[in-house]
Amino acid sequence: QVQVVESGGGLVKAGGSLRLSCVASGSIRRISAMGWYRQVPGKEREMVATITSGLRTNYADSVKGRFTISRENAEKTVYLQMNSLGPADTAVYYCNAEIRATTESYFRDYWGQGTQVTVSS
C-alpha cells in the first residue's frame, strides 16, 4: 500500500512564505516525477511545479521566481518553498508522485489529500 501525505499549509499574510512537504511511504519500488498542483473551487487543478528523479524542474509561469521545488530521493520527500505569496496563491495544494509499487510492473499517479494555503491581503 502506497500513501502520499502533504503537510505545511496554513494562513499567511501577503508577502509571506510557506513551505510545503510531501512524503511518500509504503511498498515503493521506485518514484519517478513528483510535483505540486493546486485547485480553487470552480476551477480545474493546475500544475504548480514538478521535479524529476534527476532533479529537473518545471514551474508554472505564475510562480516562477517565487516558488522553489526540491526533493530528497532517499527520503521519498518533495518540498515546495513558496515566497512572496499573494492572494492569488490561495488554493488547496496537492502533492503528486509517479510511483511504481513493489506489487506492480508500471508507474501510476498517487495524490495526497491536499493542504489548504490561504493568503490574506
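Hydrogens, waters and symmetry mates play no part in the numbers below; they use all other heavy atoms, side chains included.
- Using a 4.5 Å cut-off on side-chain heavy atoms (C-beta onward), Ser32 and Arg100 make no contact.
- In terms of hydrophobic clustering, with Ile, Leu, Val, Met, Phe, Trp and Tyr side chains grouped at heavy-atom distances under 4.5 Å, Met47 and Leu55 are assigned to different clusters.
- The nearest pair of heavy atoms linking Ser53 to Asn73 is O-ND2, 3.2 Å.
- Cluster membership for Ile69 and Val117, using ILVMFWY side-chain heavy atoms within less than 4.5 angstrom, is shared.
- The shortest distance between side-chain heavy atoms of Val23 and Val5 does not fall below 4.5 Å.
- Counting only distance, with no hydrogens or angles, the side chain of Tyr59 and the backbone of Arg66 share no donor-acceptor pair below 3.5 Å.
- Checking Arg56 against Asn58 by side-chain atom types alone, no donor-acceptor pair falls below 3.5 Å.
- Under the 4.5 Å side-chain heavy-atom criterion for grouping Ile, Leu, Val, Met, Phe, Trp and Tyr, Leu85 is connected to Trp36 within one hydrophobic cluster.
- The number of heavy atoms from other shown groups lying within 6.0 Å of CD (Gln3) does not exceed 12.
- Side chain of Thr90 to backbone of Val119: a donor-acceptor contact under 3.5 angstrom is found.
- Note: Trp111 and Tyr94 have perpendicular aromatic rings, judged against thresholds of 30 and 60 degrees for the angle between ring planes.
- Between the side chain of Gln39 and the backbone N or O of Ala91, no donor-acceptor pair lies under 3.5 Å.
- Scanning both residues, Arg38 and Asp89, for their nearest heavy atoms gives NH1-OD1, 3.0 Å.
- Taking each heavy atom of Lys64 and Asp61 in turn, the nearest pair found is NZ-OD1, 3.1 Å.
- A continuous path of Ile, Leu, Val, Met, Phe, Trp and Tyr side chains, each step under 4.5 Å between heavy atoms, connects Met34 with Tyr110, placing both in one hydrophobic cluster.
- Hydrophobic clustering of Ile, Leu, Val, Met, Phe, Trp and Tyr side chains at less than 4.5 Å, counting indirect connections, keeps Tyr37 apart from Val63.
- Between atom OG1 of residue Thr115 and atom CG of residue Leu80 there is a gap of 11.0 Å, rounded to the nearest 0.5 Å.
- When every heavy atom of Glu98 is checked against every heavy atom of Asp109, the shortest pair comes out as CG-OD1, 3.3 Å.
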Q: Could you go through the side chain to side chain contact (heavy atoms under 4.5 Å, CB included) check for Met82 and Leu20 one step at a time?
A: CA-CA 8 Å; Met82 304 184 294; Leu20 305 182; 3.8 Å; yes

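- Counting heavy atoms from C-beta outward, Lys76 and Ile31 have side chains that approach closer than 4.5 Å.
- Here the closest non-hydrogen pair linking Ser121 and Ala14 is CA-CB, 4.3 Å.
- Residue pairs meeting the side chain to side chain donor-acceptor pair (under 3.5 Å) criterion with at least one partner in residues 7-29, sequence neighbours excluded, are Ser17-Asn83.
- Contact between Val4 and Cys95 at its shortest, heavy atoms only, is CG1-SG, 3.6 Å.
- No donor-acceptor pair closer than 3.5 Å links the side chain of Arg71 to the backbone N or O of Gly35.
- Between atom OG1 of residue Thr50 and atom CG of residue Asn96 there is a gap of 9.5 Å, rounded to the nearest 0.5 Å.
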